[in-house]
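In this text, all values refer to a predicted model and were calculated from it rather than measured experimentally. FYI, side chains are in, hydrogens and waters are out, and symmetry mates aren't considered; it's all heavy atoms of this structure.
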Amino acid sequence: MTEKSPTACPPTVLPIIDLTPFLPTPTALYPTPEAHLVAKLTTAAALNCACRDVGFFYLTGHGIPEKLHRTVLQEARSWFLNASEEDKKAIKRWDVGKGLGRAGDGARGYQRVGENITGGMKDWHEAIDYYRPVPPAAPPYAPIHGPNPWPSPQTYPTFQPTFESYIESCLSLGHALLRALSLALHPSPPKEDLFTGFLHSPFWVMRIIGYPPLSTSPNDGGVSCGEHTDYGCVTLLLADNTRGALQVRDKDGGWINADPLEGAYVVNIGDMLERWTNGLWMSTRHRVIHGGENYRVSVPFFFEPDWVARIKPLECCLAQTGGVPKYDEVVYGEHLLSKVLGNFYDDTSTASRY
(Lines give C-alpha, C1' and ligand atoms only; values in the text may rest on other atoms or scores of the structure.)
Protein backbone atom coordinates (compact mmCIF):
# COMPACT_ATOMS: atom_id res chain seq x y z
CA MET A 1 0.00 0.00 0.00
CA THR A 2 1.38 3.40 -0.97
CA GLU A 3 2.16 5.76 1.91
CA LYS A 4 0.16 8.99 1.65
CA SER A 5 1.67 12.40 2.28
CA PRO A 6 0.68 14.06 5.56
CA THR A 7 -2.60 15.92 5.28
CA ALA A 8 -4.37 18.36 7.55
CA CYS A 9 -5.27 16.88 10.90
CA PRO A 10 -8.99 16.31 11.53
CA PRO A 11 -10.41 19.59 12.86
CA THR A 12 -12.33 18.15 15.82
CA VAL A 13 -10.08 15.31 16.95
CA LEU A 14 -6.57 15.46 18.38
CA PRO A 15 -4.16 13.20 16.49
CA ILE A 16 -2.60 10.20 18.27
CA ILE A 17 1.17 9.89 17.82
CA ASP A 18 3.38 6.97 18.84
CA LEU A 19 6.86 8.00 20.06
CA THR A 20 8.18 4.43 20.29
CA PRO A 21 10.78 4.82 17.49
CA PHE A 22 12.58 7.52 19.49
CA LEU A 23 12.88 5.50 22.71
CA PRO A 24 15.42 2.76 23.46
CA THR A 25 13.83 -0.22 21.72
CA PRO A 26 14.65 -3.90 21.17
CA THR A 27 16.61 -4.52 17.98
CA ALA A 28 13.93 -6.99 16.85
CA LEU A 29 11.43 -4.16 16.60
CA TYR A 30 13.47 -2.51 13.84
CA PRO A 31 15.58 -5.18 12.16
CA THR A 32 17.63 -2.70 10.09
CA PRO A 33 18.74 0.91 10.54
CA GLU A 34 16.70 1.75 7.46
CA ALA A 35 13.54 0.31 8.99
CA HIS A 36 14.18 2.28 12.16
CA LEU A 37 14.63 5.50 10.19
CA VAL A 38 11.40 4.88 8.27
CA ALA A 39 9.55 4.47 11.59
CA LYS A 40 11.10 7.67 12.92
CA LEU A 41 10.18 9.61 9.79
CA THR A 42 6.60 8.38 10.00
CA THR A 43 6.31 9.65 13.56
CA ALA A 44 8.05 12.90 12.60
CA ALA A 45 5.61 13.51 9.73
CA ALA A 46 2.67 13.00 12.08
CA LEU A 47 4.21 15.43 14.56
CA ASN A 48 4.69 18.06 11.88
CA CYS A 49 1.03 17.74 10.92
CA ALA A 50 -0.14 17.98 14.52
CA CYS A 51 2.04 20.95 15.41
CA ARG A 52 1.17 22.81 12.23
CA ASP A 53 -2.57 22.26 12.24
CA VAL A 54 -3.60 21.83 15.89
CA GLY A 55 -0.71 22.44 18.29
CA PHE A 56 -2.04 19.62 20.49
CA PHE A 57 -1.84 15.84 20.21
CA TYR A 58 -2.06 12.62 22.20
CA LEU A 59 1.31 10.94 22.79
CA THR A 60 1.53 7.16 23.17
CA GLY A 61 4.61 4.93 23.24
CA HIS A 62 6.20 7.35 25.73
CA GLY A 63 7.76 4.69 27.95
CA ILE A 64 6.46 5.93 31.32
CA PRO A 65 4.66 3.14 33.19
CA GLU A 66 0.93 3.45 33.79
CA LYS A 67 1.56 2.43 37.41
CA LEU A 68 3.63 5.57 37.94
CA HIS A 69 0.88 7.68 36.36
CA ARG A 70 -1.69 6.23 38.77
CA THR A 71 0.57 6.79 41.76
CA VAL A 72 1.27 10.41 40.82
CA LEU A 73 -2.43 11.20 40.48
CA GLN A 74 -3.25 9.37 43.72
CA GLU A 75 -0.60 11.30 45.64
CA ALA A 76 -1.88 14.60 44.26
CA ARG A 77 -5.53 13.85 44.99
CA SER A 78 -4.78 12.58 48.49
CA TRP A 79 -2.83 15.72 49.40
CA PHE A 80 -5.44 18.17 48.11
CA LEU A 81 -8.33 16.38 49.78
CA ASN A 82 -6.61 15.65 53.10
CA ALA A 83 -4.07 18.42 53.72
CA SER A 84 -4.86 20.60 56.72
CA GLU A 85 -4.62 24.38 56.75
CA GLU A 86 -1.28 23.98 58.54
CA ASP A 87 -0.04 21.58 55.85
CA LYS A 88 -0.91 24.15 53.17
CA LYS A 89 0.63 27.01 55.11
CA ALA A 90 3.88 25.06 55.47
CA ILE A 91 4.47 24.99 51.70
CA LYS A 92 2.69 28.21 50.72
CA ARG A 93 3.95 30.30 47.81
CA TRP A 94 5.14 33.70 49.02
CA ASP A 95 5.88 36.82 47.05
CA VAL A 96 9.58 37.66 46.65
CA GLY A 97 11.13 38.56 49.99
CA LYS A 98 8.04 37.68 52.03
CA GLY A 99 7.11 34.73 54.22
CA LEU A 100 8.98 32.99 57.03
CA GLY A 101 12.62 34.06 56.87
CA ARG A 102 11.81 36.15 53.76
CA ALA A 103 12.03 32.86 51.85
CA GLY A 104 9.46 33.61 49.14
CA ASP A 105 10.59 33.59 45.52
CA GLY A 106 7.24 34.55 43.99
CA ALA A 107 6.63 31.20 42.33
CA ARG A 108 7.35 27.94 44.14
CA GLY A 109 4.82 26.43 46.49
CA TYR A 110 1.11 26.07 47.21
CA GLN A 111 -1.52 28.51 45.91
CA ARG A 112 -5.04 28.59 47.33
CA VAL A 113 -8.10 28.60 45.08
CA GLY A 114 -8.32 31.94 43.27
CA GLU A 115 -4.71 32.99 43.92
CA ASN A 116 -3.59 32.16 40.36
CA ILE A 117 -4.82 34.59 37.72
CA THR A 118 -5.02 34.31 33.94
CA GLY A 119 -5.94 37.26 31.77
CA GLY A 120 -6.61 39.33 34.88
CA MET A 121 -9.22 36.92 36.26
CA LYS A 122 -9.01 34.48 39.17
CA ASP A 123 -8.68 30.79 38.28
CA TRP A 124 -10.88 28.38 40.20
CA HIS A 125 -8.18 25.90 41.15
CA GLU A 126 -5.53 25.28 43.78
CA ALA A 127 -2.02 24.13 42.94
CA ILE A 128 1.52 23.38 44.03
CA ASP A 129 4.19 24.68 41.65
CA TYR A 130 7.67 23.22 41.43
CA TYR A 131 10.61 24.33 39.30
CA ARG A 132 14.03 22.94 38.42
CA PRO A 133 16.25 23.31 41.52
CA VAL A 134 18.81 26.11 41.36
CA PRO A 135 22.13 26.45 43.21
CA PRO A 136 21.47 27.11 46.91
CA ALA A 137 21.59 30.67 48.15
CA ALA A 138 20.43 32.62 51.18
CA PRO A 139 17.14 34.53 51.30
CA PRO A 140 15.84 36.87 50.09
CA TYR A 141 15.76 34.90 46.87
CA ALA A 142 15.64 36.23 43.35
CA PRO A 143 12.36 35.44 41.54
CA ILE A 144 11.95 31.67 40.90
CA HIS A 145 15.30 31.03 42.62
CA GLY A 146 14.16 29.68 45.98
CA PRO A 147 13.95 26.06 47.14
CA ASN A 148 11.04 23.76 46.29
CA PRO A 149 8.81 23.37 49.39
CA TRP A 150 7.71 19.74 49.79
CA PRO A 151 5.04 18.42 52.17
CA SER A 152 6.34 17.01 55.43
CA PRO A 153 7.91 13.55 54.88
CA GLN A 154 6.59 12.55 58.31
CA THR A 155 2.99 13.17 57.23
CA TYR A 156 3.33 12.44 53.50
CA PRO A 157 6.32 10.07 53.24
CA THR A 158 5.79 9.01 49.62
CA PHE A 159 4.85 12.38 48.11
CA GLN A 160 8.30 13.81 47.34
CA PRO A 161 9.93 10.52 46.22
CA THR A 162 7.02 9.82 43.86
CA PHE A 163 7.19 13.19 42.19
CA GLU A 164 10.99 13.27 41.99
CA SER A 165 10.91 9.91 40.21
CA TYR A 166 8.21 11.21 37.90
CA ILE A 167 10.24 14.34 37.09
CA GLU A 168 13.21 12.23 35.98
CA SER A 169 10.94 10.16 33.72
CA CYS A 170 9.47 13.30 32.17
CA LEU A 171 12.92 14.76 31.52
CA SER A 172 13.95 11.66 29.59
CA LEU A 173 10.70 11.78 27.65
CA GLY A 174 11.19 15.47 26.90
CA HIS A 175 14.60 14.86 25.36
CA ALA A 176 13.18 12.07 23.17
CA LEU A 177 10.25 14.22 22.05
CA LEU A 178 12.53 17.12 21.11
CA ARG A 179 14.62 14.78 18.95
CA ALA A 180 11.43 13.75 17.19
CA LEU A 181 10.33 17.36 16.75
CA SER A 182 13.74 18.17 15.29
CA LEU A 183 13.29 15.44 12.68
CA ALA A 184 9.80 16.75 11.97
CA LEU A 185 11.32 20.10 11.00
CA HIS A 186 14.34 18.69 9.16
CA PRO A 187 13.53 15.26 7.66
CA SER A 188 15.91 15.51 4.68
CA PRO A 189 18.70 15.07 5.44
CA PRO A 190 17.43 13.70 8.74
CA LYS A 191 18.46 15.83 11.74
CA GLU A 192 17.53 15.02 15.32
CA ASP A 193 19.79 17.60 16.94
CA LEU A 194 18.28 21.00 16.07
CA PHE A 195 17.48 21.59 19.74
CA THR A 196 20.39 19.74 21.40
CA GLY A 197 22.42 22.91 21.96
CA PHE A 198 19.52 24.46 23.90
CA LEU A 199 19.04 21.49 26.25
CA HIS A 200 22.27 21.11 28.23
CA SER A 201 20.40 21.63 31.52
CA PRO A 202 16.78 21.93 30.48
CA PHE A 203 14.64 23.95 32.84
CA TRP A 204 11.35 22.41 33.92
CA VAL A 205 8.16 23.42 35.66
CA MET A 206 5.65 21.02 37.22
CA ARG A 207 2.23 22.07 38.45
CA ILE A 208 0.13 19.78 40.65
CA ILE A 209 -3.39 21.14 40.23
CA GLY A 210 -6.70 20.46 41.96
CA TYR A 211 -9.92 21.70 40.39
CA PRO A 212 -13.01 21.99 42.61
CA PRO A 213 -16.29 22.03 40.67
CA LEU A 214 -17.05 25.42 39.14
CA SER A 215 -20.45 25.15 40.79
CA THR A 216 -18.68 26.04 44.04
CA SER A 217 -17.27 29.27 42.58
CA PRO A 218 -18.89 32.56 43.62
CA ASN A 219 -18.39 33.96 40.12
CA ASP A 220 -20.99 33.20 37.46
CA GLY A 221 -19.33 32.34 34.17
CA GLY A 222 -15.99 31.73 35.85
CA VAL A 223 -13.26 29.44 34.58
CA SER A 224 -11.10 26.79 36.20
CA CYS A 225 -8.08 28.09 34.27
CA GLY A 226 -8.36 30.99 31.86
CA GLU A 227 -7.51 30.99 28.17
CA HIS A 228 -3.74 31.09 27.57
CA THR A 229 -0.77 29.68 25.71
CA ASP A 230 2.09 27.92 27.46
CA TYR A 231 5.31 29.85 27.86
CA GLY A 232 7.99 27.35 27.00
CA CYS A 233 8.74 24.36 24.84
CA VAL A 234 6.38 21.38 25.27
CA THR A 235 3.80 20.48 27.91
CA LEU A 236 3.19 16.86 28.98
CA LEU A 237 -0.23 16.73 30.60
CA LEU A 238 -1.20 13.90 32.91
CA ALA A 239 -4.80 14.14 34.14
CA ASP A 240 -7.48 12.02 35.73
CA ASN A 241 -10.37 10.68 33.65
CA THR A 242 -12.55 13.80 33.89
CA ARG A 243 -14.03 14.63 30.49
CA GLY A 244 -15.09 17.96 29.02
CA ALA A 245 -12.71 20.09 31.11
CA LEU A 246 -9.64 20.89 28.96
CA GLN A 247 -10.62 22.80 25.83
CA VAL A 248 -8.43 23.72 22.85
CA ARG A 249 -9.01 26.66 20.51
CA ASP A 250 -9.39 25.50 16.90
CA LYS A 251 -8.56 27.39 13.71
CA ASP A 252 -12.14 28.59 13.32
CA GLY A 253 -12.12 30.20 16.76
CA GLY A 254 -14.23 27.50 18.41
CA TRP A 255 -13.35 25.07 21.16
CA ILE A 256 -12.73 21.32 21.03
CA ASN A 257 -12.40 19.04 24.04
CA ALA A 258 -9.06 17.43 24.74
CA ASP A 259 -10.44 14.62 26.87
CA PRO A 260 -8.01 12.19 28.52
CA LEU A 261 -7.02 9.10 26.54
CA GLU A 262 -6.00 6.13 28.66
CA GLY A 263 -2.25 5.57 28.66
CA ALA A 264 -1.53 8.73 26.64
CA TYR A 265 -0.32 12.22 27.39
CA VAL A 266 -2.05 15.27 26.04
CA VAL A 267 0.85 17.28 24.62
CA ASN A 268 0.95 20.84 23.36
CA ILE A 269 3.67 23.11 22.06
CA GLY A 270 4.51 26.41 23.71
CA ASP A 271 5.74 29.90 22.88
CA MET A 272 9.39 28.90 22.43
CA LEU A 273 8.59 26.38 19.70
CA GLU A 274 6.44 28.96 17.94
CA ARG A 275 9.43 31.33 18.03
CA TRP A 276 11.93 28.67 16.96
CA THR A 277 9.75 27.75 13.98
CA ASN A 278 9.03 31.39 13.01
CA GLY A 279 5.32 30.70 13.35
CA LEU A 280 5.34 27.55 11.23
CA TRP A 281 4.01 25.85 14.38
CA MET A 282 1.71 27.89 16.61
CA SER A 283 1.36 27.82 20.38
CA THR A 284 -2.36 27.08 20.69
CA ARG A 285 -4.64 28.80 23.20
CA HIS A 286 -6.47 26.56 25.64
CA ARG A 287 -8.47 26.74 28.88
CA VAL A 288 -10.05 24.56 31.56
CA ILE A 289 -13.76 24.74 32.38
CA HIS A 290 -14.56 21.99 34.86
CA GLY A 291 -18.34 21.82 34.83
CA GLY A 292 -18.57 18.43 36.51
CA GLU A 293 -19.20 17.80 40.19
CA ASN A 294 -16.06 15.76 40.91
CA TYR A 295 -12.70 17.08 42.12
CA ARG A 296 -10.43 17.05 39.04
CA VAL A 297 -6.66 16.51 39.32
CA SER A 298 -4.01 17.17 36.69
CA VAL A 299 -0.21 17.33 36.62
CA PRO A 300 1.20 19.28 33.67
CA PHE A 301 4.97 18.99 33.22
CA PHE A 302 6.61 21.74 31.19
CA PHE A 303 9.84 20.66 29.47
CA GLU A 304 11.82 23.79 28.73
CA PRO A 305 15.08 25.03 27.18
CA ASP A 306 18.09 25.97 29.29
CA TRP A 307 17.44 29.02 31.49
CA VAL A 308 20.03 31.02 29.51
CA ALA A 309 19.10 29.68 26.07
CA ARG A 310 18.72 32.37 23.42
CA ILE A 311 15.69 31.55 21.31
CA LYS A 312 15.21 32.86 17.77
CA PRO A 313 13.87 31.39 14.51
CA LEU A 314 15.86 28.41 13.21
CA GLU A 315 17.38 28.70 9.75
CA CYS A 316 15.46 25.70 8.43
CA CYS A 317 12.22 27.31 9.57
CA LEU A 318 13.10 30.70 8.11
CA ALA A 319 13.54 28.97 4.76
CA GLN A 320 9.97 27.63 5.00
CA THR A 321 8.38 30.93 6.11
CA GLY A 322 9.66 33.50 3.62
CA GLY A 323 13.14 34.10 5.03
CA VAL A 324 12.18 37.03 7.29
CA PRO A 325 12.18 36.57 11.09
CA LYS A 326 8.76 37.27 12.62
CA TYR A 327 10.10 37.08 16.17
CA ASP A 328 12.96 38.79 17.98
CA GLU A 329 15.47 36.78 19.97
CA VAL A 330 14.58 36.20 23.63
CA VAL A 331 16.37 34.59 26.55
CA TYR A 332 14.14 31.82 27.84
CA GLY A 333 14.59 32.59 31.56
CA GLU A 334 13.79 36.25 31.04
CA HIS A 335 10.67 35.31 29.06
CA LEU A 336 9.53 32.95 31.83
CA LEU A 337 10.09 35.56 34.54
CA SER A 338 8.06 38.15 32.64
CA LYS A 339 5.14 35.72 32.53
CA VAL A 340 5.21 33.95 35.89
CA LEU A 341 5.49 37.02 38.10
CA GLY A 342 2.17 38.32 36.81
CA ASN A 343 0.34 35.08 37.53
CA PHE A 344 -0.70 35.63 41.13
CA TYR A 345 -3.37 37.64 42.85
CA ASP A 346 -2.02 39.41 45.93
CA ASP A 347 -5.03 39.92 48.19
CA THR A 348 -3.80 41.19 51.54
CA SER A 349 -7.22 40.70 53.08
CA THR A 350 -7.06 36.95 52.56
CA ALA A 351 -3.30 36.41 52.63
CA SER A 352 -3.46 36.51 56.42
CA ARG A 353 -5.13 33.09 56.30
CA TYR A 354 -1.66 31.74 55.69
Side-chain angles (χ1 to χ4, degrees), residues 68-96 98-100 103-118 122-134 141 143-171 203-212 224-225 228 230-232 235-240 242 245 288 290 295-304 336 339-341 343-347 350-351 353-354:
L68 180 55
H69 282 176
R70 290 194 300 270
T71 302
V72 165
L73 291 173
Q74 287 167 0
E75 290 282 352
R77 183 179 302 279
S78 177
W79 191 87
F80 283 127
L81 296 182
N82 296 302
S84 67
E85 290 295 302
E86 285 302 311
D87 293 335
K88 294 176 180 180
K89 180 181 178 181
I91 63 168
K92 172 179 164 49
R93 182 203 73 87
W94 289 98
D95 289 341
V96 173
K98 295 185 178 181
L100 184 64
D105 73 350
R108 302 172 194 249
Y110 170 76
Q111 305 119 44
R112 65 189 181 276
V113 173
E115 184 176 345
N116 194 276
I117 61 172
T118 305
K122 295 182 181 182
D123 293 323
W124 199 244
H125 68 250
E126 57 185 329
I128 313 172
D129 286 6
Y130 293 114
Y131 294 75
R132 181 184 176 92
V134 296
Y141 299 109
I144 314 184
H145 280 65
N148 283 325
W150 294 97
S152 165
Q154 285 72 40
T155 310
Y156 302 96
T158 56
F159 189 96
Q160 182 174 351
T162 294
F163 281 99
E164 288 182 333
S165 174
Y166 183 64
I167 288 164
E168 290 304 312
S169 295
C170 287
L171 287 171
F203 202 72
W204 57 261
V205 183
M206 181 179 67
R207 303 200 74 212
I208 306 169
I209 310 176
Y211 294 93
S224 305
C225 185
H228 65 284
D230 289 345
Y231 311 141
T235 304
L236 307 170
L237 176 65
L238 174 65
D240 67 18
T242 304
V288 178
H290 175 36
Y295 187 95
R296 178 179 184 260
V297 172
S298 74
V299 183
F301 183 90
F302 304 87
F303 182 80
E304 314 287 48
L336 182 66
K339 299 290 187 177
V340 168
L341 296 184
N343 274 358
F344 300 104
Y345 180 75
D346 185 13
D347 181 355
T350 59
R353 291 174 53 206
Y354 298 102

(request) Output, in order, the C-alpha distance, side-chain angles, deciding distance and verdict of side-chain contact (heavy atoms from CB on, under 4.5 Å) for Ile208 and Arg77. (result) CA-CA 9 Å; Ile208 306 169; Arg77 183 179 302 279; over 6 Å; no
(request) Evaluate the side-chain contact (heavy atoms from CB on, under 4.5 Å) criterion for residues His125 and Val288: first the C-alpha distance (whole Å), next the side-chain angles of each, then the deciding distance (0.1 Å), finally the verdict. (result) CA-CA 10 Å; His125 68 250; Val288 178; over 6 Å; no
(request) Run the numbers on Asp230 and Phe302 for side-chain contact (heavy atoms from CB on, under 4.5 Å), then give the verdict. (result) CA-CA 9 Å; Asp230 289 345; Phe302 304 87; 3.6 Å; yes
(message) Would Tyr130 and Trp150 count as a ring-ring contact (aromatic ring centres under 6.0 Å, His included) here? Give the steps.
(response) CA-CA 9 Å; Tyr130 293 114; Trp150 294 97; 4.0 Å; yes
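For Phe80 against Ala127, the heavy-atom pair with the smallest separation is CZ-CA, 4.0 Å. The nearest pair of heavy atoms linking Cys170 to Phe303 is O-CD1, 4.4 Å. Contact record, Glu126 with Lys88: OE1-NZ, 3.6 Å, taken as the closest heavy-atom pair. The two residues Asn82 and Asp87 come nearest to each other via the heavy atoms O-OD2, 4.5 Å. Contact detail for Ala239 and Ser298: the closest heavy-atom pair is CB-CB, 3.9 Å. In terms of heavy-atom proximity, Arg108 sits nearest to Tyr131 at NH1-O, 2.9 Å.
Using a distance-only test at 3.5 Å, with no hydrogens or angles considered, a donor-acceptor pair links the side chain of Asp105 to the main chain of Ala107. Put simply, the side chain of Arg296 never gets that close to the backbone of Gly210: no donor and acceptor are under 3.5 Å apart. Here the side chain of Ser165 pairs no donor or acceptor atom with the backbone of Pro161 at under 3.5 angstrom. Although no hydrogens or angles enter the test, the distance criterion places no donor-acceptor pair under 3.5 Å between the side chain of Gln160 and the main chain of Thr158.
The closest side-chain heavy-atom distance from Tyr166 to Val299 is below 4.5 Å. At least one side-chain heavy atom of Trp204 sits under 4.5 Å from a side-chain heavy atom of Leu171. Phe159 has its side chain out of reach of Glu164: every pair of non-hydrogen atoms, C-beta onward, lies at least 4.5 Å apart. Residues Pro300 and Leu236 form no side-chain contact, since every pair of their non-hydrogen atoms from C-beta on lies 4.5 Å or further apart. Within the 4.5 Å cutoff, side-chain heavy atoms of Leu68 are placed close to those of Val72. Using a 4.5 Å heavy-atom cutoff, the side chains of Ser224 and Asp123 are not in contact. Counting only heavy atoms from C-beta outward, the side chains of Cys225 and Thr118 approach each other to under 4.5 Å. Counting heavy atoms from C-beta on, the side chains of Leu237 and Phe301 never come closer than 4.5 Å.
Between Ile144 atom CD1 and Arg132 atom CZ the span is 14.0 Å, to the nearest 0.5 Å. If you take CZ on Phe163 and OG1 on Thr71, they are separated by 10.0 Å, rounding to the nearest 0.5 Å. Within the model, atoms CG of Leu238 and CE of Met206 stand 10.5 Å from one another, a figure rounded to the nearest 0.5 Å.
Because its NZ or CZ atom is both nearer than 6.0 Å to the ring centre of Trp94 and within 45° of the ring axis, Lys92 counts as a cation-pi partner of that residue.
For Gln154 and Ser152, the side-chain atoms include at least one donor-acceptor pair closer than 3.5 Å. Side-chain contact, Asp129 with Tyr110: no donor N or O sits under 3.5 Å from an acceptor N or O.
Tyr211 and His290 have perpendicular rings, their planes meeting at more than 60° on a 0 to 90° scale where under 30° would count as parallel.
Taking the charged nitrogens against the carboxylate oxygens, Arg93 and Glu115 do have a contact shorter than 4.0 Å, which makes a salt bridge.
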